[in-house]
Amino acid sequence: MQTGSGKTYTMGTGFDVNISEEELGIIPRAVHHLFRGIEERRQAAQQQGRPIPEFKINAQFLELYNEEVLDLFDSTRDSRQKSHIKIHEDASGGIYTVGVTTRSVTSEAEMMQCLKLGALCRTTASTQMNVQSSRSHAIFTIHLCQVRICASDHHEGETDNRVSNGNSELDEYETLTAKFHFVDLAGSERLKRTGATGDRAKEAISINCGLLALGNVISALGDRSKRSSHVPYRDSKLTRLLQDSLGGNSQTVMIACISPSDRDFMETLNTLKYANRARNIKNKVMLNQDKASQQISVLRTEIARLQIELMEYKTGKRLTGEDGVESFSDMFHENSMLQTENSNLRVRVKAMQETIDAQRARLTQLLSDQANQVIARAGEGATEEIGTMIQGYIKEIEDLRAKLLESESVNEYLRKNLSRASNRQSLYGGGHSLLAPEKETSDIIELAKKDLEKLKKREKKKKKR
């Protein structure tokens, strides 16, 4: 973290009047992206006819100067008095501050105005290495709270995310929270090179102490062998403020700014080593959902499971024995076996259908070749014989088409009879209603055999001709 390497410029808190949009820093870009995402979610909800989600956005701007936490939004503070800001940790491991001014914002312009107001109050001074050097660490924090309808993650057959109350249905809402820390660290300094004395030297020592504590925390979190040991968050107020950002429920991006000058080679090398240690930190991120929404989600899942279990009891899939032991019914096991057998039969039918298609194509090709040979032998004077042959083929095709339609209608009729018979059997437990459909099926099979014999005789006669 070198001094004069462009950290404040990268974060976007310098507020140069001549800067273009392409050169905007990270904070202005992040604020623009944040409010654009909020507007897109509102428009999407409005187009889909859902309630528009509510967003509450608050901003805080802190400065860590000589290990004192100062409020940059407090214009009435006295620099000679000791700061009364306290740092606390909640039950879930989140870090929060007490005594800090929080400003509510509703637009991108208001957020940028707050950022500009705090940046102008930040402590800066001139050294031999930087004309406008940051003499403190700055932390710009955005708190985002979203209230929206619970996401519909239900599948077919499960209950949806609503609470039924008589004839009315109430939408369930969940609250999501997020916190963005934008940290502009002051650069490490060597007193011999900066020529700092008096207050500047005291500030440099405080800055270096904070960066050293931050490096120790990064080393402890990045080294797997030390991860289970003590992490020295309390060695500095900087690491205490960033505790949940470094090793908590967060995603952290670190940008190392270095100087291209060969005079700063050692500082550049140390900065790169510093950033390389930070790359080894691995955090597991979870959704920041309020406890009520989490409990509702758990209860919804449990209700869906119980409803499925109740449906299984009603349909006879589950049974409870005399000893209270739950088991699946024989009908369920038999049904599973039949379904497996049905799947196997479907595969066999598909394979046989493919074989039949191949044989039909081969037969068609043979008949076509035979017809071509007849035409070639007949010559140009056999027009009447060719016409007779074509009429015979057309007639045979029409006969087969009529038989196919007749077979399909008979098949549909048999299917309906079998369905009604199986329903009667399941209701009354009798097996006599299946006798009539079985007789009709055997009759149809006999008729089909006779038709097949007729077709074979007709084919033999044609071949003799």
Side-chain angles (χ1 to χ4, degrees), residues 1 27 30 56-74 77 81-104 114 118 136-147 174-186 206-207 209-254 277-278 280-295:
M1 301 299 174
I27 299 180
K56 295 181 181 179
I57 308 168
N58 299 322
Q60 295 178 346
F61 208 168
L62 299 178
E63 178 185 43
L64 188 60
Y65 177 74
N66 287 339
E67 281 298 306
E68 289 288 332
V69 182
L70 305 178
D71 186 2
L72 293 178
F73 284 161
D74 186 7
R77 63 184 172 90
Q81 293 182 355
K82 188 176 181 180
S83 174
H84 297 286
I85 298 175
K86 303 296 181 182
I87 305 173
H88 297 283
E89 182 177 356
D90 58 20
S92 60
I95 301 299
Y96 66 96
T97 54
V98 178
V100 180
T101 303
T102 301
R103 297 202 173 185
S104 298
C114 292
S136 63
H137 306 297
I139 304 175
F140 183 68
T141 305
I142 299 176
H143 295 273
L144 176 63
C145 179
Q146 178 185 4
V147 180
E174 61 181 355
T175 303
L176 306 178
T177 58
K179 180 171 66 175
F180 300 90
H181 272 327
F182 299 98
V183 185
D184 180 14
L185 295 174
S206 176
I207 290 170
C209 288
L211 294 176
L212 177 62
L214 180 60
N216 293 334
V217 169
I218 290 175
S219 298
L221 292 174
D223 191 349
R224 293 184 178 180
S225 61
K226 299 180 181 178
R227 187 67 185 264
S228 58
S229 62
H230 171 69
V231 181
Y233 289 116
R234 296 178 181 270
D235 288 358
S236 170
K237 290 185 178 180
L238 174 64
T239 54
R240 183 63 171 162
L241 285 169
L242 301 179
Q243 177 176 339
D244 53 354
S245 297
L246 293 171
N249 183 28
S250 63
Q251 291 180 327
T252 305
V253 177
M254 180 179 181
R277 294 201 304 270
N280 298 326
I281 300 177
K282 305 295 182 184
N283 290 338
K284 293 183 179 180
V285 183
M286 297 177 62
L287 187 65
N288 287 327
Q289 196 176 26
D290 63 318
K291 294 182 179 180
S293 299
Q294 292 178 357
Q295 188 67 20

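Heavy-atom basis, side chains included; hydrogens, waters and symmetry copies ignored.
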Look up atom CD in Gln60 and atom CD1 in Ile142, then write down how far apart they are to the nearest 0.5 Å. 11.0 Å
May I ask you to decide if Ala186's main-chain N or O and His137's side chain share a donor-acceptor pair within less than 3.5 Å? yes
Are Phe140 and Leu72 side-chain neighbours, meaning at least one heavy-atom pair lies under 4.5 Å? no
Check the side chains of Thr102 and Asn58 for a donor-acceptor pair under 3.5 angstrom, ignoring hydrogens and angles. no
Is it true that a side-chain atom of Glu67 and a backbone atom of Ser206 form a donor plus acceptor pair closer than 3.5 Å? no
On a heavy-atom basis, the closest approach of Asp244 and Ile95 is OD2-N, 3.4 Å
Heavy-atom pair with the smallest gap, counting every atom of Ile87 and Val69: CD1-CG2, 4.3 Å
Roughly how far, to the nearest 0.5 Å, is CG of Leu211 from CD1 of Ile218? 9.5 Å
Please give me the minimum heavy-atom distance between Cys114 and Phe61, naming the atom from each residue. O-CD1, 4.4 Å
Assess the residue pair Arg240 and Glu89 against the criterion (side chain to side chain contact (heavy atoms under 4.5 Å, CB included)); give the C-alpha distance rounded to whole Å, side-chain angles, the decisive distance to 0.1 Å, and a yes or no. CA-CA 9 Å; Arg240 183 63 171 162; Glu89 182 177 356; 3.4 Å; yes
Side chain to side chain contact (heavy atoms under 4.5 Å, CB included) for Asp235 and Val217? Distances and angles first, verdict last. CA-CA 9 Å; Asp235 288 358; Val217 169; over 6 Å; no
On a heavy-atom basis, the closest approach of Thr175 and Cys145 is CG2-SG, 3.6 Å
Side-chain (Ser83) to main-chain (Glu68) donor-acceptor, under 3.5 angstrom: no
Could you state the interatomic distance from CG (Leu62) to CG (Asp74), rounded to the nearest 0.5 Å? 11.5 Å
Quick one: pull up NZ in Lys179 and OG in Ser250 and give me the separation to the nearest 0.5 Å. 9.0 Å
Separation between CG (Leu185) and CD1 (Ile139), nearest 0.5 Å, reads 8.0 Å
Tightest non-hydrogen contact, residues Ile85 and Gly99, listed as CG1-O, 3.8 Å
Apply the test side chain to side chain contact (heavy atoms under 4.5 Å, CB included) to residues Asp71 and Thr97: give CA-CA distance (whole Å), side-chain angles for both, the deciding distance (0.1 Å), then the verdict. CA-CA 11 Å; Asp71 186 2; Thr97 54; over 6 Å; no
For the backbone of Ala138 and the side chain of Asp184, can you confirm whether one donor and one acceptor N or O come within less than 3.5 Å of each other? no
Does any part of the side chain of Thr252, heavy atoms only, come nearer than 4.5 Å to the side chain of Ile281, both counted from C-beta? no
Are any non-hydrogen side-chain atoms of His143 and Thr177 less than 4.5 angstrom apart? no
Correct closest heavy-atom pair for Ala213 and Ser236 would be CB-CB, 3.5 Å
One should read off an interatomic distance between Tyr233 OH and Leu221 CG, to the nearest 0.5 angstrom, of 4.0 Å
